[in-house]
There are 2 protein chains.
Amino acid sequence: MEKENELFGVKEIARRANVSTATVDRVLHNRTGVSEKTKAKINAIIKEMDYQPNILASRLASKKIISLAALIPDVSEETDFWAAPLAGIRRAEAEMRQYGVQVQIFLFDLNDKDAFAEQIRHVFEGGFHGILISPSFIEETKKFAAECARRKMPYVFIDSDIPDLHSLSYIGPHLRKSGYVGAKLLTYRLEAEKKVLIINISKEIDNFNYLEIEDGFRAYFNDNNQPNEIVRIDIRETDYQSVARHLTYVFHLNKDIGAAFVTNSRVHTVASFLKNSHRTHVSLIGYDFVKENVGYLENNVIDFLICHRPDDQGYRGMMALYQTLVVNAPVTKQNYMPIDIVTKENYEFYQN
Amino acid sequence: MEKENELFGVKEIARRANVSTATVDRVLHNRTGVSEKTKAKINAIIKEMDYQPNILASRLASKKIISLAALIPDVSEETDFWAAPLAGIRRAEAEMRQYGVQVQIFLFDLNDKDAFAEQIRHVFEGGFHGILISPSFIEETKKFAAECARRKMPYVFIDSDIPDLHSLSYIGPHLRKSGYVGAKLLTYRLEAEKKVLIINISKEIDNFNYLEIEDGFRAYFNDNNQPNEIVRIDIRETDYQSVARHLTYVFHLNKDIGAAFVTNSRVHTVASFLKNSHRTHVSLIGYDFVKENVGYLENNVIDFLICHRPDDQGYRGMMALYQTLVVNAPVTKQNYMPIDIVTKENYEFYQN
DNA sequence: TACCTTTACGGGCACGTGCCCGTAATCCTC
DNA sequence: GAGGATTACGGGCACGTGCCCGTAAAGGTA
């Protein structure tokens with residue numbers, strides 16, 4: 001008992017309403033120039049028909065190209081983590097291009113707050129219709145969000161979230177739960193009398209991500225009455241020498257550390273230290289599928305890596321913008337990625 | 001130095017070749033009615049321009065609707081595993097529908113070889129342009145593949161592969177490696193003197209999948225000189241009573257089983273047995289994110305589940321057909337899914 | 001009433017491709 | 001060399017929507 005087909009589209013609406021397709025078009029795009037009466041009639045018919053516009057024809061006919069921006073950290077010597085989201089963004093771009101969508105990518109140095117702010121200015125100058133952004137610096141991102149709101153421009157956060165803002169969508173990990181998983185893996189075969197070491201290596205002090213992860217990590221210990229003592233250390237320099245110096249000191253003070261948890265992708269630096277100091281019996285867990293980390297996974301120095309599908313994050317983030325701007329379909333506000341566990345045995349199939 | 005733009009598409013090719021768009025069209029779809037000379041000329045221009053057809057316009061202009069079939073097992077009382085690939089297929093369908101692609105789904109009972117064969121007949125009667133199939137029965141699938149070859153109809157395998165056949169693509173797990181990962185997880189905290197039990201619960205005897213998994217499982221033990229003794233059991237009935245009977249016997253004979261590995265999604269039956277017989281100290285690993293299994297994951301009876309993103313398999317399988325038939329783009333022949341590790345702590349974010 | 005402005009709507013071309021139909025040119029046959 | 005068959009190609013409409021432009025009708029001002 002389908003009431004569809006026979007004739008469809010704008011033409012059919014126009015026929016039923018006794019108007020021209022142009023008038024229907026005006027209603028569909030709520031432009032001016034239609035009397036309230038006919039507008040109501042047409043809207044009723046649209047609703048009754050459950051009219052779905054043909055995106056093919058729409059995109060073909062419209063010469064207006066939709067342009068999206070993506071603002072993410074550059075790949076640096078320190079880490080090639082952001083190569084993965086970039087690849088996902090490019091994948092999305094390739095899919096969308098044929099539908100008249102253009103993507104422009106803006107990069108910034110993760111250690112340079114000003115570069116971030118400047119790229120934001122460039123983005124606004126570009127007059128884009130939507131933007132994907134890694135909200136790496138909190139204050140700057142807040143200003144950015146305010147300006148977006150003023151311009152009614154949708155923006156999507158990936159990799160980390162700033163919850164109060166009105167982003168179209170957040171796509172990334174649930175950091176707290178991610179730390180929780182880390183604790184589970186770390187303690188899975190750990191003897192009760194061994195200590196656990198949490199290591200945070202980061203130049204930035206206001207690290208919201210880190211706090212969430214550690215919070216989740218500790219929550220696991222509480223929930224499961226895990227007996228192990230937790231030691232923690234913050235290291236504010238990222239070079240190997242500094243890290244090694246700090247770690248030497250910590251391991252000197254605590255002879256019975258059985259496992260270490262690094263709260264970000266710099267786990268390879270710790271792995272290097274453990275290897276060099278012949279401490280590979282210490283279980284080691286950290287974040288992200290970057291090539292240095294995978295190397296230590298292969299060597300059995302790193303036991304597990306926790307990953308959040310950065311490639312997919314980039315892809316889905318762009319697609320969320322596409323959904324709203326082109327398809328005009330609703331988008332999930334919170335989009336938590338799976339917490340993937342990568343080991344020596346399964347990494348070759350991992351799709352970052 | 002881009003040589004693109006200005007004018008593009010079929011019209012530009014026609015202009016350069018001094019022919020009409022109709023002739024260009026004939027060449028593009030290698031239809032008859034073009035002399036070798038002009039054909040060569042047009043092809044040269046196409047190559048030079050790196051011409052990419054506008055799929056929007058193509059699909060819009062072509063009234064020919066492409067229809068795809070999917071042949072997968074029905075959701076049964078035994079398992080709702082196939083709900084996930086089905087969801088992925090429907091997701092793909094929703095995306096493709098607006099581009100003029102229709103999808104029809106054929107289901108069969110996993111325990112009924114004849115139903116499988118009959119549905120294959122239905123598929124061929126339907127005159128589809130491509131098909132996604134779960135090759136559950138080997139002999140029937142071989143006949144199917146031969147008929148597809150005769151009709152030049154592309155087919156994609158998901159979830160399990162039959163390597164010799166010329167499928168357009170295989171999308172599913174690398175079973176051997178998957179067993180390998182299972183062994184790693186199972187032995188990760190296992191004491192050396194404990195035995196390991198491999199359990200295969202399946203009515204079908206010719207279980208190619210099972211053999212691959214067990215092979216990988218044992219390979220891990222070899223590669224790592226794992227000291228544990230391996231015990232194995234085949235159970236040909238799938239109901240709880242039968243499984244419990246067999247397991248009672250095995251556990252009676254082997255007092256020191258420390259871990260059990262179930263080679264398919266029926267791990268929940270084993271979990272039920274372990275729980276009822278107060279043997280939850282035995283580590284348990286099995287396959288698939290089905291709701292019964294997740295329940296035992298929550299209860300700490302199952303330690304890990306290994307999953308292969310069945311939803312994605314369905315989605316990608318359909319998309320592979322779409323790529324060849326609509327976009328006319330190449331498709332990867334082997335498409336191994338990640339080997340995901342699901343635990344009590346991360347299952348809530350798992351995207352099956 | 002004459003003239004101008006605003007509102008409400010219709011006609012019709014364009015987007016790039018698919019494909020039907022018509023026809024000039026060439027080939028074949030006796 | 002007349003007639004028919006085949007080959008090679010062009011013209012042009014259609015797909016569903018966007019949007020420019022033109023215009024009749026309504027309203028406003030003197």
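Since the model is a prediction, treat every value here as computed from it, not as a measurement. All chains are named by letter (A, B, ...) in the order of the sequence lines, taking the proteins before the strands, and each is independently numbered beginning at 1.
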Legend entry - Residues in ring-ring contact (aromatic ring centres under 6.0 Å, His included) contact with B:F157, at least two apart in sequence or another chain: B:Y155

Legend entry - Given DNA chain D, 5'-ward residue of the pair B:T32 and B:L60, judged by closest heavy atom: B:T32

Inset, instruction - At the 4.0 Å heavy-atom cut-off to chain A, mark where contacts on DNA chain D begin and end, going 5' to 3'. - result: D:dG16 to D:dC19

Legend entry - B:K143 atom NZ: more than 12 heavy-atom contacts under 6.0 Å: no

Inset, instruction - Mind checking the CG-CG spacing from A:D312 to A:N352? Nearest 0.5 Å is all I need. - result: 10.0 Å

Legend entry - B:S62 side-chain N/O to B:K64 backbone N/O, donor-acceptor pair under 3.5 Å: yes

Legend entry - Centroid separation B:Y350 to A:Y336 less than 6.0 Å: no

Legend entry - Atom pair CG (A:N18) and OG1 (A:T23), whose distance is rounded to the nearest 0.5 Å: 11.0 Å

Inset, instruction - State yes or no: are the ring centers of A:Y322 and A:Y315 separated by less than 6.0 Å? - result: no

Inset, instruction - Taking all non-hydrogen atoms of both residues into account, name the closest pair between B:V331 and B:A320 and its distance. - result: CG2-O, 3.6 Å

Inset, instruction - Please work out which residues in residues 18-27 of chain A have a non-hydrogen atom less than 4.0 Å from an atom of DNA chain D and list them by number. - result: A:A22, A:D25

